[in-house]
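The sequence lines fix the lettering, A, B, ..., with proteins before strands; numbering per chain opens at 1. Only a predicted model underlies this, so the values are computations on that prediction, with no experimental measurement involved.
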Protein chains: 2
Amino acid sequence: MPRKALNREQIVQAVVGLLDAEGADSLSMRQLGSRLGATAAAVYWHVKDKEEVLVLAADAVWREIQLHDLEGSGWRAAVTTMANDLHAMTLRHPWLVPAMSCHAPHAPGRARYEDHLRAACEAAGFTGREAEQATKTVLTFVFGTAFGEHKGEATASTAEDLAFGLQVILDGLQGRLDARP
Amino acid sequence: MPRKALNREQIVQAVVGLLDAEGADSLSMRQLGSRLGATAAAVYWHVKDKEEVLVLAADAVWREIQLHDLEGSGWRAAVTTMANDLHAMTLRHPWLVPAMSCHAPHAPGRARYEDHLRAACEAAGFTGREAEQATKTVLTFVFGTAFGEHKGEATASTAEDLAFGLQVILDGLQGRLDARP
DNA sequence: ACCTGAACACCGTTCAAGT
DNA sequence: ACCTGAACACCGTTCAAGT
């Protein structure tokens, strides 16, 4: 006897919790249903299929990242903070990277983050196409780091690698800014 | 009536073919068995489980990458070629990145490639820990690029992004070499 | 040593039927 | 509108039994 009908918000929250607790392999629509006090089939009234459920969860977690004001401490610090925050988020949700690699590239939660990162690059002095490329380079590198982190690898050494690679990228970008007219 | 007993080599080859043709989602042990003219259970005589099958396939494809002599055309060219070749390989086998994200980080096929990339970094002048970090930075970036490439995104623009990001990283690494005693 | 057939405990998804 | 129960067509894996 459900007090209130299910809704998508509720489902997404349950999926994230289940993925965090059990991992991506053991997520089933049946288990998801039962966590919601309903049957698997009930979930299908609210979502199209399992893939949609994963897409929703994979986008929701991006909203956990707090976006700070870009005025003040310089673009290198801003980009570094954003990269570290994204990295920390991928560590909280180890299922995210595998889930994203199979599904939906562009969704609003992720777009929110990417827009802010791009703004940080524009604040640094990049414009147009180059701002886009700088944004993508940083994002791509953090994804690659998260990707290399699954099971086994020492987390400490990966954090250091992240820092090293990020410095290298920022130095390279700085060089491009300096070479501008 | 099998002429000859199955072997692992044969199984790995069949898995790669199946993954290339059908994608990772539709790989099943039953289908794999039937492609080999056998039953799913027969495969279990040769491998532990489905995960091992994926690990073997995910390592085998690294051997497709040809490794060139490092003498001659400079470290930037060498690293760029290696990055492009790895990238091309991930495009031939789009199932690889998702498969790797869940399974076994270090296997001989991959190690063979990484060792050569590290040698290229050492030829550039990096030593010890820094050579390791430089290697990992490049590798991480190519993984990130491959990761961002699944379904939808224009391949042309991603190739250009790869080139841009790689330049940025090489510039950043160059700066570190120049700042050496 | 190597393989088959059948079974177990699961899946995702659909769909009539209920309220 | 929203949910259940039962069913369909699949899974991965195990294991006795065959050769």
Whole-Å gap separating C1' (dT13(D)) and CG (Asp49(B)): 9 Å
Short side-chain N/O contact to dC11(C) OP1/OP2 from Ser28(A), under 4.0 Å: yes
Whole angstrom value for the distance that separates P of dG12(C) from CG of Asp25(B): 13 Å
Base-pairing assignment for dA7(C) (Watson-Crick or G-U wobble, both under 3.5 Å): dT13(D)
Donor + acceptor pair across side chains of His46(A), Asn7(A) (<3.5 Å): no
Length of the line joining Asn7(B):CG and dC2(C):P, which is rounded to integer Å: 10 Å
Sugar-phosphate, base or nothing in reach of Leu32(B), heavy atoms under 4.0 Å: nothing
Short side-chain N/O contact from Trp45(A) to OP1 or OP2 of dC3(D), under 4.0 Å: no
Separation of dC3(D) P from Ile11(A) CD1 (nearest whole Å): 8 Å
Length of the line joining Met29(B):CE and dA9(C):P, which is rounded to integer Å: 21 Å
Cationic N near anionic O, under 4.0 Å, Arg35(A) to Glu22(A): no
Distance in angstrom units between Tyr44(A) OH and dC15(C) C1', rounded: 13 Å
Spacing between Arg30(B) atom CZ and dG5(C) atom P, to the nearest angstrom: 13 Å
Minimum-distance nucleotide to Lys50(B) side chain [options: dT13(D), dC3(C), dG5(D)]: dT13(D)
Under 3.5 Å on both distances, the Watson-Crick or G-U partner of dA1(D): dT19(C)
Whole-Å gap separating P (dG12(C)) and NZ (Lys48(A)): 15 Å
Electrostatic pair Asp171(B)-Arg176(B), nearest N-O below 4.0 angstrom: no
Parallel, tilted or perpendicular, as decided by the 30° and 60° cut-offs, for the rings of Phe147(B) and Phe147(A): tilted
Phosphate OP1/OP2 of dA1(D) contacted by His46(A) side-chain N/O (<4.0 Å): no
Distance-only donor-acceptor check, side chains His106(A) and Glu114(A), under 3.5 Å: no
